[in-house]
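Before any comments, here is the structure.
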Amino acid sequence: MQKLGDFKLPHFFNYPPYFTYSPRFFISVLQPVRETREKQIQLWKELILDYCRTQKIFIVRLEEEFPLFSNSVIERTLSHEAREAFLSALVAEGRAEWLDKGRRNCLILWHRIQEWADIIVNFVKDNGFEDSVMTVEEIRSGIESRGTELHGIDRTILMRALKLLEQKGKLAIFKGTSTDDEGVKFSV
């Protein structure tokens with residue numbers, strides 16, 4: 001099995017047709033083609049989410065090299081259109097969001113915002129922070145978050161999860177003089 005660093009790539013990654021994409025297949029009325037296309041999209045969505053989760057990648061930039069989008073073993077690279085189509089499929093499922101109108105930068109949600117909020121609540125409870133105050137940066141990169149999924153979390157995702165919890169009355173966010181000292185008072 002081929003690897004990308006310590007990440008094991010699925011068998012389909014070495015199958016050249018999975019690096020082929022044509023928009024015309026989306027409008028094809030031929031059942032076998034549509035099923036194949038749907039399978040291809042599903043496999044790519046799962047691969048992108050799994051790779052981003054294990055490598056802690058939150059943003060995929062279409063204009064930059066992304067390791068999954070090319071395979072030197074079979075000498076294939078996904079076209080820009082294929083990359084955008086697979087990411088758009090994730091967006092349609094709520095597993096990603098375009099960060100710009102030009103669809104060049106995509107925020108990958110390998111956990112949905114509600115799932116991130118649940119992870120934060122569990123982190124708070126597991127560490128006895130129920131009535132504590134922490135800075136946003138401590139949650140993202142502090143000693144307490146080392147070894148957890150929160151360590152290194154994208155700030156945009158973290159803030160959205162924290163705001164969701166604030167709306168539910170589980171914490172209060174307070175502004176500091178800079179983004180480095182924004183704080184959170186937990187009340188879970």
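- Using a 4.5 Å heavy-atom cutoff, the side chains of Ile173 and Lys163 are in contact.
- With rounding to the nearest 0.5 Å, the separation of CD1 in Ile120 from CG in Leu164 is 9.0 Å.
- Contact annotation: the side chain of Ile41 never approaches that of Glu38 to less than 4.5 Å [non-hydrogen atoms, C-beta and beyond].
- Around the NZ atom of Lys39, the shell of radius 6.0 Å holds no more than 12 heavy atoms that belong to other residues, nucleotides or ligands.
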As a quick check of understanding, evaluate side chain to side chain contact (heavy atoms under 4.5 Å, CB included) for Ser70 and Glu65, giving each step before the final call. CA-CA 9 Å; Ser70 62; Glu65 229 9 79; 3.7 Å; yes

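- Considering every non-hydrogen atom in both Arg103 and Ser88, the closest pair reads NH1-OG, 3.2 Å.
- The minimum heavy-atom distance linking Glu93 with Arg112 is given by the pair O-NH2, 3.0 Å.
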Should Arg76 and Phe13 be marked as a side chain to side chain contact (heavy atoms under 4.5 Å, CB included) after you check the CA-CA gap, both sets of side-chain angles, and the distance that decides it? CA-CA 10 Å; Arg76 294 285 176 111; Phe13 195 75; over 6 Å; no

Dump the intermediate steps for side chain to side chain contact (heavy atoms under 4.5 Å, CB included) on Arg95 and Ile108, then the final yes or no. CA-CA 6 Å; Arg95 300 309 303 260; Ile108 305 298; over 6 Å; no

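- If you check the side chains of Gln42 and Lys45, you find a donor sitting under 3.5 Å from an acceptor.
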Stepwise ring pair (Phe, Tyr, Trp, His ring centres under 6.0 Å) test for Phe7 and Tyr51: CA-CA 7 Å; Phe7 183 79; Tyr51 182 76; 5.0 Å; yes

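- You'll find the side chain of Asn71 stays beyond 4.5 Å of the side chain of Leu9, heavy atoms only.
- In this structure, the side chains of Asp6 and Thr54 stay at 4.5 Å or more apart for every pair of heavy atoms.
- The two residues Cys106 and Ala96 make their nearest non-hydrogen contact at SG-CB, 3.6 Å.
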Under the salt bridge (Lys or Arg N to Asp or Glu O under 4.0 Å) rule, what do Glu63 and Arg104 come out as? Steps first, then yes or no, please. CA-CA 6 Å; Glu63 307 299 325; Arg104 288 187 289 272; 5.1 Å; no

Derivation of the ring pair (Phe, Tyr, Trp, His ring centres under 6.0 Å) call for Phe69 and Phe66: CA-CA 6 Å; Phe69 293 156; Phe66 186 65; 5.0 Å; yes

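- Side-chain contact between Phe123 and Asp126 is absent, with no heavy atoms from C-beta onward closer than 4.5 Å.
- Side chain of Ser145 to backbone of Thr148: no donor-acceptor contact under 3.5 angstrom is found.
- Pairing each heavy atom of Val184 with each of Ile139, the nearest pair is CG2-CD1, 4.1 Å.
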Kindly indicate, with the supporting measurements, whether the criterion salt bridge (Lys or Arg N to Asp or Glu O under 4.0 Å) is fulfilled by Arg53 and Glu149. CA-CA 9 Å; Arg53 181 183 53 77; Glu149 287 189 280; 5.9 Å; no

Glu97 vs Arg160, test: salt bridge (Lys or Arg N to Asp or Glu O under 4.0 Å). Steps then yes/no. CA-CA 13 Å; Glu97 296 175 4; Arg160 287 182 53 201; 2.8 Å; yes

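- Within the 4.5 Å cutoff, no side-chain heavy atoms of Trp110 are placed close to those of Ile48.
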Would Leu109 and Phe58 count as a side chain to side chain contact (heavy atoms under 4.5 Å, CB included) if you check the C-alpha gap in whole Å, the side-chain angles of each, and the deciding distance to 0.1 Å? CA-CA 7 Å; Leu109 298 170; Phe58 293 93; over 6 Å; no

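- Side-chain atoms of Glu130 and Phe186, non-hydrogen and from C-beta on, never get closer than 4.5 Å to each other.
- The shortest non-hydrogen separation linking Arg140 to Asp154 is NE-C, 4.2 Å.
- A distance-only check finds a donor-acceptor pair linking the side chain of Thr135 to the backbone of Glu138 [under 3.5 Å].
- When all heavy atoms are compared, the tightest approach of Phe174 to Val133 is CZ-CG1, 3.4 Å.
- Annotation: side chain of Thr77 is in contact with side chain of Arg83 (closest heavy-atom distance under 4.5 Å).
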